[in-house]
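The structure presented is a predicted model; accordingly, all values stated were derived computationally and were not measured.
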Amino acid sequence: RLYPGKAGDPREQHVEDQQRDRDPGEGTRTLAGKSWIFCSLGVDVHLGEYKFISPHQISNGSEILEGKRFVVATGAAPFIPPIPGLDKISYLTSDNIWQLKELPKKLVVLGGGPIGAELAQTFARLGSKVTLVEMADRLLIREDPEVSELVKKRFEAEGLTVLLKT
């Protein structure tokens with residue numbers, strides 16, 4: 001079941017969610033736009049701000065939900081680095097890059113985490129000349145150093161330029 005929502009077919013709620021949660025500037029959808037998928041699998045979806053009040057309870061201040069397991073899907077927004085002049089140009093993020101109508105000849109991807117690495121490899125494999133820039137001393141900083149090095153070598157073998165500590 002989808003909460004809050006209207007009674008009826010979850011697919012009807014899906015359409016309403018898509019219309020409500022579409023960002024007109026970016027054309028993207030939030031989790032709510034895909035809630036019907038989870039509902040069809042028997043998952044109760046509760047949208048809003050909740051906090052854990054015990055290992056098996058969450059609350060939004062007006063209701064308490066109990067369960068053996070909870071999935072916290074917080075969503076994410078791209079980090080826009082404080083680079084002087086960036087606010088004066090048109091740039092792409094992981095939210096809007098898929099709106100491109102043509103493959104860029106060259107692409108600089110800022111951030112060597114999972115999303116940046118995925119975007120860099122995807123566009124390189126599609127034919128863009130990609131430079132991946134990471135501030136840290138290695139890619140995928142949350143992974144083991146050996147994994148980071150393996151991914152870096154693979155990217156370089158596929159023609160990506162990887163810049164670290166930059």
Side-chain angles (χ1 to χ4, degrees), residues 2 4-5 9-41 43 45-50 70-166:
L2 175 63
D9 187 324
R11 289 169 290 188
E12 292 173 15
Q13 183 66 46
H14 166 66
V15 172
E16 292 171 16
D17 290 337
Q18 279 186 329
Q19 292 168 348
R20 184 187 71 237
D21 296 314
R22 185 175 295 278
D23 177 348
E26 306 297 336
T28 60
R29 286 172 278 201
T30 64
L31 171 65
K34 297 181 181 177
S35 294
W36 73 272
I37 296 169
F38 299 106
C39 295
S40 70
L41 297 171
V43 174
V45 177
H46 295 260
L47 305 175
E49 294 184 25
Y50 287 81
F70 293 94
V71 174
V72 179
T74 61
F79 170 72
I80 308 302
I83 297 174
L86 188 60
D87 60 340
K88 294 177 178 34
I89 64 168
S90 176
Y91 57 85
L92 301 168
T93 70
S94 57
D95 284 344
N96 65 8
I97 196 163
W98 307 111
Q99 309 289 316
L100 289 175
K101 301 292 185 213
E102 295 179 22
L103 182 68
K105 291 179 179 151
K106 295 181 181 180
L107 184 68
V108 175
V109 177
L110 301 179
I115 295 172
E118 177 183 32
L119 288 173
Q121 187 177 45
T122 298
F123 278 86
R125 287 182 173 182
L126 289 172
S128 295
K129 173 77 175 130
V130 177
T131 300
L132 178 57
V133 180
E134 171 55 47
M135 294 187 313
D137 60 352
R138 61 188 178 92
L139 299 175
L140 303 170
I141 197 72
R142 293 185 178 147
E143 302 300 329
D144 292 335
E146 297 82 10
V147 172
S148 297
E149 185 60 25
L150 182 70
V151 170
K152 180 180 179 283
K153 286 181 179 177
R154 177 61 187 219
F155 282 3
E156 291 170 339
E158 291 185 17
L160 283 85
T161 300
V162 178
L163 303 176
L164 302 175
K165 298 188 228 180
T166 305

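For the atom pair Met135 CE and Lys165 NZ, the distance stands at 14.0 Å (nearest 0.5 Å). Note: His46 NE2 to Glu49 CD = 15.5 Å, rounded to the nearest 0.5 Å. Residue Thr131 holds its OG1 atom at 6.0 Å from CG of Leu163, rounded to the nearest 0.5 Å. Rounded to the nearest 0.5 angstrom, Leu100 CG and Leu107 CG are separated by 8.5 Å. Atom CG of residue Leu140 and atom NZ of residue Lys152 lie 12.5 Å apart, to the nearest 0.5 angstrom. Interatomic distance, Ile97 CD1 to Tyr91 OH, rounded to the nearest 0.5 Å: 13.0 Å.
Side-chain contact between Leu139 and Val162: present, with at least one pair of heavy atoms (C-beta onward) separated by less than 4.5 Å. Contact check for Phe79 versus Ile115: no side-chain heavy atoms found under the 4.5 Å cut-off. By the 4.5 Å heavy-atom criterion applied to side chains, Trp98 and Thr122 are counted as neighbours. Between Val133 and Val109, every side-chain heavy-atom pair lies at or beyond the 4.5 Å cut-off. Taking the side chain as every heavy atom from C-beta outward, Lys129 and Thr161 approach each other to under 4.5 Å.
With a 6.0 Å radius and a threshold of 12 heavy atoms from other residues, nucleotides or ligands, Lys153 has its NZ atom at or below the threshold. For CD of Glu118, the number of neighbouring non-hydrogen atoms (other residues, nucleotides, ligands) closer than 6.0 Å is 12 at most. Environment of CG in Leu164: crowded, with over 12 heavy atoms of neighbouring residues, nucleotides or ligands closer than 6.0 Å.
Nearest approach of Ala117 to Leu132, heavy atoms of both residues: CA-CD2, 4.4 Å. Minimum heavy-atom separation, Ile141 to Ala136: CD1-CB, 4.1 Å. Contact detail for Leu110 and Pro81: the closest heavy-atom pair is CD1-CG, 3.9 Å.
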_Checking Thr93 against Ile80 for the side-chain contact (heavy atoms from CB on, under 4.5 Å) test, could you report, in this order, the C-alpha distance in whole Å, the side-chain angles of both residues, the deciding distance, and whether it holds?_
CA-CA 8 Å; Thr93 70; Ile80 308 302; 3.7 Å; yes

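Listed for the Arg138 side chain is a donor-acceptor partner under 3.5 Å among the backbone atoms of Glu143. Of the possible donor and acceptor atoms, none in the side chain of Ser128 sits under 3.5 Å from a partner among the backbone N and O of Ala124. Listed for the Ser148 side chain is no donor-acceptor partner under 3.5 Å among the backbone atoms of Glu146.
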